[in-house]
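Since the structure comes first, as structure tokens, the remarks are kept for the end.
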Amino acid sequence: MSSSLPVAAFPLSSDDFSAIRLTLELASVTTLVLLCVATPLAWWLARSGSWWSRAVGALVAMPLVLPPTVLGFYLLVSLGPQGWGGQFTQWLGIGLLPFTFAGLVLGSVIYSLPFAVQPLQNAFESLGPRPLEVAATLRASPWDTFWHVVLPLCRPGVVSAAVLSFAHTVGEFGVVLMLGGNIPESTRVVSTQIYGHVEALEYTQAHWLSGGMVLFSFVVLLALGWLNPRGSRLRT
């Protein structure tokens with residue numbers, strides 16, 4: 001005997017789930033790359049007092065004030081066939097990066113770099129010289145000191161950098177659209193999928209995805225504040 005109850009169609013399509021999967025994959029890869037790149041960079045910025053460190057710090061923070069479309073445009077031009085970046089990647093034999101997942105990762109790393117560097121730099125600066133002096137008296141090597149003393153003491157900064165990088169990558173739109181386009185299964189993430197739904201007047205699907213993003217942002221910030229109440233603020 002079959003049921004007579006009406007069955008409502010699930011509002012999200014296979015393309016929506018594909019965009020969600022690609023978004024999580026992009027955010028995960030970007031966060032891992034950022035932690036590897038931002039940690040030594042933040043350590044140098046925290047320890048160096050040279051003019052160069054201030055210039056590099058300003059360069060790292062530029063994505064905070066630049067319109068994402070501007071950053072995406074220049075990345076698109078520089079990584080294109082006539083740009084220096086595009087000629088370099090072609091010389092390496094990996095082809096052109098615009099409108100590929102690898103290009104999307106590169107753009108996300110640059111765009112989210114300040115969200116990883118600044119919490120780490122704040123944590124390194126607040127550490128002070130005393131733990132390093134104690135480690136030096138015990139004849140610990142610089143690597144042992146950094147791995148076994150600095151990183152454990154700066155764990156809140158590392159957690160903040162990872163969470164903020166992941167969350168910021170999930171929500172990015174301008175750089176993704178300029179550098180990656182809107183290619184299904186390759187560069188179409190949740191933000192561009194929402195844009196496509198709105199253009200097609202599919203507001204129900206747009207509501208579901210947008211509501212999910214709002215809920216995700218709230219949960220991330222709530223978890224960050226609970227795990228690390230002092231490290232969840234970016235330096236301005």
Side-chain angles (χ1 to χ4, degrees), residues 18-19 21-48 50-121 124 143 146 158 161-162 164-193 195 234:
S18 174
R21 177 193 58 76
L22 194 65
T23 301
L24 296 177
E25 185 178 343
L26 174 65
S28 300
V29 174
T30 299
T31 301
L32 289 176
V33 174
L34 273 174
L35 288 179
C36 296
V37 172
T39 301
L41 179 58
W43 178 251
W44 178 73
L45 290 173
R47 304 284 296 174
S48 176
S50 68
W51 182 90
W52 284 107
S53 67
R54 297 178 183 178
V56 172
L59 194 63
V60 168
M62 280 184 68
L64 291 174
V65 296
L66 269 180
T69 49
V70 173
L71 181 61
F73 170 72
Y74 281 115
L75 285 174
L76 180 64
V77 171
S78 62
L79 294 174
Q82 305 303 323
W84 63 269
Q87 294 180 8
F88 179 68
T89 55
Q90 290 182 94
W91 177 77
L92 291 176
I94 59 178
L96 297 174
L97 294 182
F99 309 111
T100 66
F101 183 77
L104 218 54
V105 171
L106 178 60
S108 300
V109 166
I110 295 174
Y111 185 49
S112 297
L113 188 60
F115 290 84
V117 169
Q118 292 197 356
L120 288 168
Q121 185 180 349
F124 293 152
W143 174 252
F146 186 79
V158 177
L164 287 173
S165 300
F166 187 90
H168 189 251
T169 304
V170 167
E172 70 181 76
F173 174 73
V175 173
V176 167
L177 192 62
M178 294 292 288
L179 188 60
N182 195 11
I183 306 172
E185 303 287 342
S186 180
T187 63
R188 178 183 291 173
V189 295
V190 171
S191 57
T192 52
Q193 182 73 352
Y195 180 73
L234 281 175

Taking all non-hydrogen atoms of both residues, which atom of [X] and which atom of [Y] are closest, and how far apart?
{"X": "S48", "Y": "S53", "value": "O-OG, 3.4 Å"}
{"X": "L104", "Y": "G180", "value": "CD1-CA, 3.7 Å"}
{"X": "F99", "Y": "T187", "value": "C-CG2, 3.8 Å"}
{"X": "E185", "Y": "L22", "value": "C-CD2, 4.4 Å"}
{"X": "A116", "Y": "A161", "value": "O-CB, 3.5 Å"}
{"X": "V170", "Y": "A27", "value": "CG2-CB, 3.7 Å"}

When rounded to the nearest 0.5 angstrom, what is the spacing between [atom1] in [X] and [atom2] in [Y]?
{"X": "L45", "Y": "W52", "atom1": "CG", "atom2": "CH2", "result": "13.5 Å"}
{"X": "L26", "Y": "F166", "atom1": "CG", "atom2": "CZ", "result": "9.5 Å"}
{"X": "S108", "Y": "F101", "atom1": "OG", "atom2": "CZ", "result": "8.0 Å"}
{"X": "Y111", "Y": "F173", "atom1": "OH", "atom2": "CZ", "result": "11.0 Å"}

Please check this pair: side chain of [X] against backbone of [Y], looking for a donor-acceptor N/O pair closer than 3.5 Å.
{"X": "S165", "Y": "A162", "result": "no"}
{"X": "T23", "Y": "V190", "result": "yes"}
{"X": "T192", "Y": "R188", "result": "no"}
{"X": "S112", "Y": "V109", "result": "no"}

Enclosure of R21 CZ (heavy-atom neighbours >12, cutoff 6.0 Å):
yes

